[in-house]
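A short worksheet on the structure shown next.
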Amino acid sequence: MKNIFKTAIFAAGVLGLAACSDFLDQRPPSDLRPEEMWSSPEAAELGINKIYGMMTDATYGQQIPILFGTGTDYELIDGLGTESLNTTSERGNMNYNYSTAWTTLNSSWNNIYSMINYCNIAIKSIRESGSTENGSAEDQAKMKRFLGEALTIRAMAYLDLTRMWGDVPFRTDGNMDSNYEGKTDRDVIQDACIKDLQEAVHYLPWAGEGVTTEHVTKGYAYGLLAQTALTRAGYSIREEAKAGYENLGDTEGEPLKSYCDATYPTQRPDEAKRMELYKTAAEAAAEVIKSGRHQLNPSFEDEWKMINQLKLDQTYQENIFEIPNGMGVTGELGYTVGKRINGSTRYFGTKGNSSGKLKLTGELWQTYHSTGRVVNGRNAEIVAESYKPLDTRRDVTLTLFQYKEATKFKYYDVEHPELLFYEDNTSKGPFAFYCGKWNPEWWTSALTSVAQNAGDAKWCTGINVVRMRYSQILLNYAEACYLLGGAGYKVDGAPTAEEALLEVHSRAYAPENKEAGKQWLKEEHIQKKGFMEAIYAENAWEFAGEGIRKWELIRWGQLSHKIVEAKKNYIEGVFQQPSRGGYPRNFYYRFKTVTMPNGIELLQADPETFCWGANWPTYPGDSKPATKKDCMTQKWFAHGDNASSEANKATNMPSICDGLNPWSDIAEAAEKPHNWKLFNTQTNTTVRNRYIMPIGAITVSASNGNLENSYGY
């Protein structure tokens, strides 16, 4: 195992962080006096390791990568209908029906501030120790590296805080009570983070220069700098209007103008400030690109296989920064999100997993189809329905099946009495697709044994949380360059904006299809819909399920509009004939028996046989259409009993993100296409575009009057 998830025993709480070489058998930080902690590289490393350990808690292990990123056009929390109003859990809160009584708000707030406070101590102590100027050149370099890591992690934490809560307390001096002080304008905080990152890049090594991507490196500091600059330049709902700032819709007009609240306006800086920030972002991202230290793995699927197998990609180093976890000790990816293991099996134990917290939509599945297709059937009249996309990301990102073990499984029209381990179809609803990026099919036997030995207890996979991938660098660069000067704009020594965008898109295609993929994106998005619409679409295809898209939609000012757009597209897909772009009627597939990497024999639905249409397909090599004797069939999600039902029409779809806006006051959202209402009217907000989370009631109470909520909470 190449993870560097190590043991770091925390002061007082004795929190464990376990795995390989350089963190093991160390003297715990609690044994060291402050003046000792930062006086030598050996001691300072213990303190820095503690900070990495703090990122394995529930906040960075579950809330941020899984829960808090839901509530977009394609990423939903598992809980619709009446559950969207359940304010005691994530099901209500992540449909924007927030309650200050939701205890997760307090725990996440406190966990992030605990990490910030420890970073503050590290930064202050290293600076005051003089250790970056004293000692050998090697020791000075190590201490500078630790300083750079602390500066970068603090900037990451403050970016997370300001994206989720807006204006928040801001301290950099190690005061342990800073999370209960008064608020600082988020612009001030993000400007300070930009300055810190511009310093940190000079101290940090590139990945491969003595450290792996499980550490903060120069590449991540540059990438985070670009990300922070773009966030600072983007839209954000405000506690009050800021003079000289632009309101959402001032430039774009309707429909975005409707989402700008009169009391709490969604605003961005003026054009001059934005250009300055775009330049910062473009130049920072260009440094990573020009370095050649990070590249896209030619295979999107292979990159995710390695993540699931707890292997670091040290060939391409596509993952710029991964939060290190320990197998069986920490890490909820693959357990709380991912492909479902439904119940007890011989191979994954009695518990299975609880991977349904985050769901993806059928509308997202359908968007991949237009990226090019291969016809499986021979009949020209079903060409619009019977295909798979050339874009290989679809079958990695979304999964139509769950793992199950049972007797009496019926396939090919025969009921099998023997105990079978098989893939069971779950895509019977438009809002219930599992995310396939965390897939037990790829797990090692060591990870499988963790599940087998867990009994009925919750278990941890140890899969790392990937905070940034190289594709984010390329897309952020493409966006910043485009906004500076158009699709042909570039930083010296780096590609043009269009070339960077096309690099991300074409990676998803087989070598023989790459030019077709590039041409399709140029013709269908860049030329017809505009460059930024191509960026919006590419973001979904590349990052769906990873907790990234929500924050990008917010800064683009697109969150509410894209949610409305996705609902309308879904309705049209149900009502339109497939030949006119509507959803197909039936889904067909065949089984094959495969041996998984961990030795498990599986009756698998063969992706190469996936086919959609009104008629049974004729597969390559067959002389006549398939039948139920050699092929599986069922209604596709928009036309089956569980998909176009009254529950989805009247209850589930209207509840999606129903607390984000007073929807009935917004023209495009109040429409009823085909007499379907888009949103419920029992929302608990009168504030438009209220994506910001409230500060938890316990935190407000503990602040002794220093903190209070805004935005109508």
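Position 1 is the first residue of the sequence; numbering continues from there.
- We find that Arg549 and Asp73 are joined by a salt bridge, their nearest charged nitrogen and carboxylate oxygen being less than 4.0 Å apart.
- For Tyr158 and Phe170, the ring centers are positioned less than 6.0 Å apart.
- Salt-bridge annotation for Arg268 and Asp187: absent, with no side-chain N of the basic residue lying under 4.0 Å from a carboxylate O of the acidic one.
- The existence of a salt bridge linking Glu546 and Lys437 is confirmed by a sub-4.0 Å separation between a basic side-chain nitrogen and an acidic carboxylate oxygen.
- Under the 30°/60° scheme for interplanar angles, the aromatic rings of Tyr711 and Tyr264 are found to be tilted.
- Side chains of Ser560 and Asn661: a donor-acceptor N/O pair is present below 3.5 angstrom, by distance only.
- The aromatic rings of Trp109 and Trp165 sit perpendicular, their planes meeting at an angle over 60°, well past the 30° parallel limit.
- Without hydrogens or angle criteria, Ser107 side chain to Thr104 main chain gives a donor-acceptor distance under 3.5 Å.
- One finds no salt bridge joining Glu240 and Lys183 here, because no Lys/Arg side-chain nitrogen approaches an Asp/Glu carboxylate oxygen to under 4.0 Å.
- Side chain of Asn97 to backbone of Thr87: no donor-acceptor contact under 3.5 angstrom is found.
- For His215 and Trp206, the ring centers sit 6.0 Å or farther from each other.
- Counting only N and O atoms by type, the side chains of Thr152 and Glu149 include no donor and acceptor under 3.5 Å apart.
- Using a 4.0 Å cut-off between charged nitrogen and carboxylate oxygen, Arg293 and Glu209 count as a salt-bridge pair.
- For Glu199 and Lys144, the salt-bridge test fails: no basic side-chain N is under 4.0 Å from an acidic carboxylate O.
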Working note: Glu565 + Lys562, criterion salt bridge (Lys or Arg N to Asp or Glu O under 4.0 Å); need CA distance, chi angles, decisive distance, verdict.
CA-CA 5 Å; Glu565 188 178 78; Lys562 286 298 181 185; 3.0 Å; yes
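- For the pair Asn476 (side chain) and Ile473 (backbone), a donor-acceptor distance under 3.5 Å is absent.
- Counting only distance, with no hydrogens or angles, the side chain of Asn110 and the backbone of Tyr113 share no donor-acceptor pair below 3.5 Å.
- With hydrogens and angles left out, the side-chain atoms of Thr162 and Gln190 include a donor and acceptor closer than 3.5 Å.
- Contact check on Lys279 versus Glu283 returns a salt bridge, with a Lys/Arg side-chain nitrogen under 4.0 Å from an Asp/Glu carboxylate oxygen.
- At a threshold of 4.0 Å, the pair Lys273-Asp270 does not count as salt-bridged, since none of the basic side-chain nitrogens sits closer than that to a carboxylate oxygen.
- No side-chain donor-acceptor contact under 3.5 Å links Ser701 to the backbone of Ile698.
- Salt bridge Arg171/Glu181: present, at least one basic N to carboxylate O contact under 4.0 Å.
- Within the 3.5 Å criterion, the main-chain N or O of Ala284 finds no donor-acceptor partner in the side chain of Glu287.
- Around atom CD of Glu271, no more than 12 heavy atoms belonging to other residues, nucleotides or ligands sit under 6.0 Å away.
- Aromatic ring centres of Trp556 and Tyr235 lie farther apart than the 6.0 Å criterion allows.
- Side-chain polar atoms of Ser258 and Glu254 form a donor-acceptor pair below 3.5 angstrom.
- One finds no salt bridge joining Arg238 and Asp261 here, because no Lys/Arg side-chain nitrogen approaches an Asp/Glu carboxylate oxygen to under 4.0 Å.
- Using cut-offs of 30° and 60° on the angle between ring planes, the pair Phe321 and Tyr220 is tilted.
- Side-chain atoms of His561 and Glu668 form a donor-acceptor pair, as typed in the model, at a separation below 3.5 Å.
- Under a 4.0 Å N-O distance rule, the pair Asp173/Lys124 does not qualify as a salt bridge.
- Side-chain contact annotation: Glu542 with Ser471, donor-acceptor N/O pair under 3.5 Å present.
- At least one donor-acceptor pair under 3.5 Å links the side chain of Thr70 to the backbone N or O of Leu67.
- For Asn325 (side chain) and Ile463 (main-chain N/O), a donor-acceptor pair under 3.5 Å exists by modelled atom type.
- With respect to Arg274 and Glu246, a salt bridge is recorded, a charged nitrogen being found less than 4.0 Å from a carboxylate O.
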